[in-house]
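Along the sequence shown, the residues carry numbers beginning at 1.
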Amino acid sequence: ISASIERFISLRDGGTTFSTPRSITDDGSSQRFINLQQDADGQVFAAWIDKRHVVAAEKEGRDFAGASLAVAWSKDGGEHFEPARIAHDNMCECCRLGVVLAAPHSPAVVLRNIFSGERDHALVQFAPDMSVRSLTRVAEDHWKLDACPHHGPSLARATDGTFHAVWFSGGGVRQGSFYARSVDGGRTFSEPMRVGEAERAPTRPYVYALNGRVWLAWKEFDGELTSVRVASSSDGGRTWTPARTVATTDDYSDHPLLVSDGRVVSVSWMTKHEGYRLLPVEPQS
């Protein structure tokens, strides 16, 4: 990824060689935090935060809050991308996106939106023609902020169609990391559930759904050690196992991620002292 133009590199031969980097968009303004998802038929969906409308507004002497959500499809496995389109304006300019494929050719994106000056999260769902089908506010945290907290959400979708979302908020209603689910296709979300122990400043929550189970991972700090904590649910997010620690560090660390090979869910975590760790997480009883 270059500083100004998102680039795509595809792996070939099982990951042993790479294709030549190619620009996903021909716009030269600021693009950032790309998220790629591959459909069952090999088509690749790309979503990123785009500031071309900010640049245009500045040239015209207008104000423009935040940035825009840009999207593009590749119908040939990443060889070429269709022209990018701006799907939504006035979202947070540096909060990473959570992206899933909710149905064939129908992506869903959770992002930190700007609602009349409040930076709360929204679920944006797309139709196969890439038109925005719906935008739903995930929670009314009422975080009034004229800046970006650099703390993006995460999104998963279970096989039963339930959306699972996690996020961080410093709003007037609630502060900390939270989880909510939608069992009606994203039209409404459950009352937010706190993630982690508030006194240990839980941050960077991440959610993953696999084989009827939902996993949460996040970071906590006890004053000396930063820990990655995990919990899981076997009933679609209604109840959760007690949280447990899977890794710690006493220095700088990256955001923990949940990844899977389709069989085992693992925590992916990079730290200054310990380096990269891929930690299988067995189902909790």
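- Contact annotation: the side chain of P256 never approaches that of W218 to less than 4.5 Å [non-hydrogen atoms, C-beta and beyond].
- Listed by first and then second residue, the ring-ring contact (aromatic ring centres under 6.0 Å, His included) pairs that reach into residues 180-201 come to none, sequence neighbours excluded.
- The side chain to side chain contact (heavy atoms under 4.5 Å, CB included) test with L155 singles out one residue from V138, V166, V110, V109, and that residue is V110.
- Taking the six-membered ring where the residue is Trp, W240 and Y179 present perpendicular rings, their angle passing 60° and hence far from 30°.
- Taking H255 as the reference, nothing meets the ring-ring contact (aromatic ring centres under 6.0 Å, His included) condition, with sequence neighbours excluded.
- E118 pairs by the salt bridge (charged side-chain N to carboxylate O under 4.0 Å, His left out) definition with R137, K144, not counting sequence neighbours.
- Using modelled atom types and a 3.5 Å distance limit, the side chains of D141 and H121 yield no donor-acceptor pair.
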Do L111 and L69 pass the side-chain contact (heavy atoms from CB on, under 4.5 Å) test, and can you show the C-alpha distance, the side-chain angles, and the key distance before you say yes or no? CA-CA 9 Å; L111 52 82; L69 173 65; 3.8 Å; yes
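- Every residue two or more places apart in sequence or in another chain was checked for a ring-ring contact (aromatic ring centres under 6.0 Å, His included) with W143, and none qualifies.
- Pairing each heavy atom of G78 with each of V44, the nearest pair is N-CG2, 4.1 Å.
- Smallest separation of non-hydrogen atoms from Q37 and V99: NE2-O, 3.3 Å.
- Shortest non-hydrogen contact noted between A243 and A231 is CA-CB, 4.3 Å.
- Under the salt bridge (charged side-chain N to carboxylate O under 4.0 Å, His left out) criterion, E82 pairs with K75, sequence neighbours left out.
- Among residues two or more places apart in sequence or in another chain, the side-chain contact (heavy atoms from CB on, under 4.5 Å) test is passed with V173 by H142.
- Take R96 and apply the salt bridge (charged side-chain N to carboxylate O under 4.0 Å, His left out) test, not counting sequence neighbours, and it matches no residue.
- Checked options Q175, R204, H151; the residue passing with F168 is H151 (criterion: side chain to side chain contact (heavy atoms under 4.5 Å, CB included)).
- With hydrogens and angles left out, the side-chain atoms of R52 and T25 include a donor and acceptor closer than 3.5 Å.
- No side-chain donor-acceptor contact under 3.5 Å links W167 and D120.
- Legend: residues meeting salt bridge (charged side-chain N to carboxylate O under 4.0 Å, His left out) with D129, ordered by chain and number and at least two apart, are absent.
- Closest non-hydrogen pair, M270 versus G275, comes out as SD-C, 3.5 Å.
- S134 contributes atom OG, which lies 9.5 Å from atom CZ of F126 (distance to the nearest 0.5 angstrom).
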Quick one, M91 with L97, criterion side-chain contact (heavy atoms from CB on, under 4.5 Å). Give me CA distance, side-chain angles, the key distance, then yes/no. CA-CA 11 Å; M91 60 165 291; L97 308 170; 3.6 Å; yes
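- Remark: F178 engages no residue in a ring-ring contact (aromatic ring centres under 6.0 Å, His included) (not counting sequence neighbours).
- A side-chain donor from one of S30 and R32 sits under 3.5 Å from a side-chain acceptor of the other.
- The ring-ring contact (aromatic ring centres under 6.0 Å, His included) test applied to F45 returns W73, not counting sequence neighbours.
- Contact between L123 and G186 at its shortest, heavy atoms only, is CD2-CA, 3.8 Å.
- Side chain to side chain, T249 and E274 meet the donor-acceptor criterion of an N or O pair below 3.5 Å.
- Not counting sequence neighbours, the partners of S68 by the side-chain contact (heavy atoms from CB on, under 4.5 Å) test are H53, F64, I86, D89.
- For residues 180-196, the salt bridge (Lys or Arg N to Asp or Glu O under 4.0 Å) pairs, not counting sequence neighbours, are R174-E191.
- A donor-acceptor pair is defined here as one N or O able to donate and one able to accept, closer than 3.5 Å; no such pair exists between the side chain of T245 and the backbone of A247.
- Looking at T162 and D160, their side chains do bring a donor and an acceptor atom within 3.5 Å of each other.
- The minimum heavy-atom distance linking A156 with V100 is given by the pair CA-CG1, 3.9 Å.
- Here Y276 and W269 keep their ring centres 6.0 angstrom or further from each other.
- A donor-acceptor pair is defined here as one N or O able to donate and one able to accept, closer than 3.5 Å; such a pair exists between the side chain of D41 and the backbone of Q43.
- There is no side-chain donor-acceptor pair under 3.5 Å between D250 and T248.
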